Amino acid sequence: MKIPNAPKVFITGVTGQDGAHLANLLLSKGYNVSGGFRRGTNKFWRLDYLGITEKITLIEFQLSEPQSILAILQEGQFDEIYHLAAESFVADSFKYPIVTLEANTHAVCNMLEAARLVSPNSRMFFASSSEIYGSGQASNILSEMTPPNPSNPYAISKLAADHFVRLYRETYGLFVCSGILFNHEGPLRGRQFVTRKITYNLARLKIKGGEPLVLGNLNAGKDWGSAVDYVEAMRLMLSSDKAQDYIIATGKLSTVRDLLKLGAMSAGFQPIFEGEGVNEICKDVDTGLIIAEVSERYFRPFDTPAMIGDSSKIENELGWRKNSNLEQMISEMVSADINRWKIGDTNV
Ligand code: GDR
């Protein structure tokens, strides 16, 4: 249903985790929300989960076709555009560097060029990533002043896109900005990402049993926040007086082992860890059940070092606050997955 005179917004990647949460947030603020989805996709489960599929104008489009984007922006004359569609799985970017560049850099150029040509007054948000900082940093606390040093194809693709965003802002005066997002999760996360892989499999073990969960580097450390909190930061950035890039992070470091422990306790296990390296296992004290094992299969050619973000700039300038903590978020994810296993809705 279209609301007369409400701000018009276009979200690319509306079927993804962030797209769905952002659409939900903007609908609750009275926006008219249009969402772009990849040609051929039929994955609307996140929008269904939030009960908003029918409230969004869904537009099929092809990011790599300049004409496709141009036509949508010309026709829509949106007040705000959130470009979230991307190849978001870092590990795959080592295997598919060209596809990653096309999706994450060329597509951003297409969006910017289309806006410059047919919709220069639209405000645009781009989802960048903490991965741009990569390795070799003097401090593990990152701010907007930290020089980027990407160390995987995904990170390079995002950093190149950030430079295009800055170029179009400075050269053509477009209101465009990048949110440098640290890891952000929730029950709508895809199953290939480590948080959801853990909660999905812990729920499976609890409800159905079967083989242990197999993970990669348990020592990998990240700054994990909540997707619901991070989409609010996106909204604030486009409501601001000035287009600027901001870091969005929690400032807290946890390891994959910490996630596994939190998740296992939420699922009702009593986890203990034994062994080291690829021989490390996580067991339930009560039953002796092996909950998780480690395999080199899930190690990356290079894992970005553990770092946290300093989000004081967005907190001070735009009043952004995070509402969720890691324990609450993992527990919410475990509950959602236990429920899915109970009702047999395990393909999401
Ligand atoms: P990441 O997220 O690469 O940080 O990118 P992911 O959840 O895939 O990995 C997080 C860390 O966990 C380690 N790890 C494993 N990861 C996966 N996927 N599977 C495993 O079995 C496993 N075992 C250990 C990884 O090595 C890594 O260190 C996310 C994405 O959302 C990006 O799009 C975004 O830009 C960044 O976060 C910020």
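What you see is a predicted model; the values in this text were computed from it and never measured. Order of listing sets the numbers, starting from 1, for every ligand and every atom in it.
- Protein residues lining ligand 1, listed by chain and number: Ser88, Phe89, Val90, Ser129, Ser130, Tyr154, Leu181, Phe182, Asn183, Arg189, Gln192, Phe193, Val194, Lys197, Leu215, Gly216, Asn217, Ala220, Lys222, Val256, Tyr298, Arg300, Asp303 [non-hydrogen atoms, distance under 4.0 Å].
- For the residue pair Glu317 and Gln244, a side-chain donor N or O sits within less than 3.5 Å of a side-chain acceptor on the partner.
- Salt-bridge annotation for Lys322 and Glu232: absent, with no side-chain N of the basic residue lying under 4.0 Å from a carboxylate O of the acidic one.
- Under the rule for a side-chain contact (heavy atoms from CB on, under 4.5 Å), the partners of Ile207 that lie at least two apart in sequence or sit in another chain are Ile338, Trp341, Lys342.
- A salt bridge links Asp337 with Arg196: at least one charged nitrogen is closer than 4.0 Å to a carboxylate oxygen.
- Under 3.5 Å, the side chains of Thr53 and Asp48 contain a donor-acceptor pair of N or O atoms.
- Looking at Ile247, Leu159, Asn149 one by one, the single match for side-chain contact (heavy atoms from CB on, under 4.5 Å) with Tyr133 turns out to be Ile247.
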